[in-house]
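Read the structure below first, then the notes.
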Amino acid sequence: MTRHLLRDDDLTPAEQAEILDLAIELKKDRWANKALAGPQTVAVIFDKSSTRTRVSFAVGIADLGGSPLIISTANSQLGGKETPSDTARVLERQVAAIVWRTYAQSGLEEMAAGTRVPVVNALSDDFHPCQLLADLLTIREHKGDLKGLTLTFFGDGQSNMAHSYALAGVTAGMHVRIASPADYAPRADVVEAADRRAAETGGSITLLTDPVEAAAGADVVVTDTWVSMGKEEEKLARIRDLGDYKVTPETMTLADSAAVFIHCLPADRGYEVDSEVIDGPQSVVWDEAENRLHAQKALLVWLLGKKDA
Ligand code: CP
Ligand code: NVA
């Protein structure tokens, strides 16, 4: 059966662990797995800007023996002129998988419902599940077993990253704290989905408004831009509203002494995080950025394996 990754809880806890195990294997020898030999093509479509996602999918698909086809919506028929499902019906006869960075989650759902090839969410307004696979891989490399770790996200709790930490974190059995002003708390349906998943794994999701309480004893400290793509007009209000949630050297002293700092990047230095933290000894952001490559290769191999089953 064709599987898709549209949101983090599309993967069961066992499936998430399987993909992370595979990523660790693939990272040991980048060119050993040729799952896309042929070469088979993977379409990677961007409605929004990208550096890491574009590079890591292009390089990863090539590593697997495949051919990446990078498409900008601005010069394709998708994005107003043709529906996601009609686009998918055209692409599926020629490509092995479709990777799409877009705005509305509903577009991804429509694309996936209309095709027999795997569809991967490469960031939507609601979720960024590929980033979370890389982040969990990075945390596992630096902190060992994910189960039972406490991860605190600071900032915009309604962002794609906060939602993905909520879902993917509890799927891994982590205790996820989201620290944000009440007006920026995660969406209720996402919190409910995280709660349901946490009941299976022993993880938890906690919403906090006090950044000091949220930082206390955390094993993983996380933040993301206060101004996600599509929110540029709210920039000034967001800087005002989210200022207390900046990750500073003091935040790191409140966290566990062995805590790591992660950030999906790009970072607005001086806003959501101080340079002393992102450039400091606890930061693992460059490993995290590299792990996009290994995690997404594992995801593609796993998805293609399911399709053939
Ligand atoms: N973290 C991330 O997705 O980066 P890009 O926007 O550069 O792809
Ligand atoms: N929350 C950010 C993530 C960028 C990778 C955004 O959506 O712009």
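In this chain, residues are counted from 1 in sequence order. Whatever order the structure lists them in is the order used to number ligands and atoms, beginning at 1.
- Under the 3.5 Å distance criterion, the side-chain polar atoms of Thr152 are matched with a main-chain donor or acceptor of Ala214.
- When only modelled atom types and interatomic distance are considered, Asp268 and Thr225 share a side-chain donor-acceptor pair under 3.5 Å.
- With hydrogens and angles left out, the side-chain atoms of Arg116 and Thr2 include no donor and acceptor closer than 3.5 Å.
- Atoms of ligand 2 lying under 4.0 Å from at least one heavy atom of Asn160, given by number and element, are 1 (N), 2 (C), 6 (C), 7 (O).
- Proximity of a side-chain donor or acceptor of Arg101 to a complementary backbone N or O of Leu123 within less than 3.5 Å is not detected.
- When each atom of ligand 2 is checked for a heavy atom of Leu123 under 4.0 Å away, the hits are 3 (C), 4 (C), 5 (C), 7 (O).
- The number of heavy atoms from other shown groups lying within 6.0 Å of CZ (Arg89) does not exceed 12.
- Counting heavy atoms only, Ser228 comes closest to atom 6 (C) of ligand 2 of the residues Ser124, Ser228, Ser50.
- Looking only at protein heavy atoms, the nearest one to atom 3 (C) of ligand 2 is Asp224 OD2, 3.7 Å.
- With ligand atoms numbered from 1 in the order given, ligand 2 contributes 2 (C) to contacts under 4.0 Å with heavy atoms of Thr225.
- Neither the backbone nor the side chain of Asp156 has any atom closer than 4.0 Å to an atom of ligand 2 (non-hydrogen atoms only).
- Side-chain atoms of Gln16 and Thr171 include no donor-acceptor pair closer than 3.5 Å.
- Note on ring orientation: taking the six-membered ring where Trp is involved, the planes of Tyr271 and Trp226 are perpendicular (angle over 60°, cut-offs 30° and 60°).
- The backbone of Leu265, and not its side chain, has at least one atom closer than 4.0 Å to an atom of ligand 2 (non-hydrogen atoms only; backbone = N, CA, C, O).
- In this model, a donor atom of one side chain and an acceptor atom of the other lie less than 3.5 Å apart for His175 and Ser204.
- Checked by atom type, the side-chain pair Thr138/Asn291 shows a donor-acceptor distance below 3.5 Å.
- When only modelled atom types and interatomic distance are considered, Gln131 and Asn160 share no side-chain donor-acceptor pair under 3.5 Å.
- Among protein heavy atoms, atom 8 (O) of ligand 2 sits closest to Met229 N, 2.8 Å.
- Residue-level contacts of ligand 1 at the 4.0 Å heavy-atom threshold are Ser50, Thr51, Arg52, Thr53, Arg101, His128, Gln131, Cys264, Leu265, Arg292.
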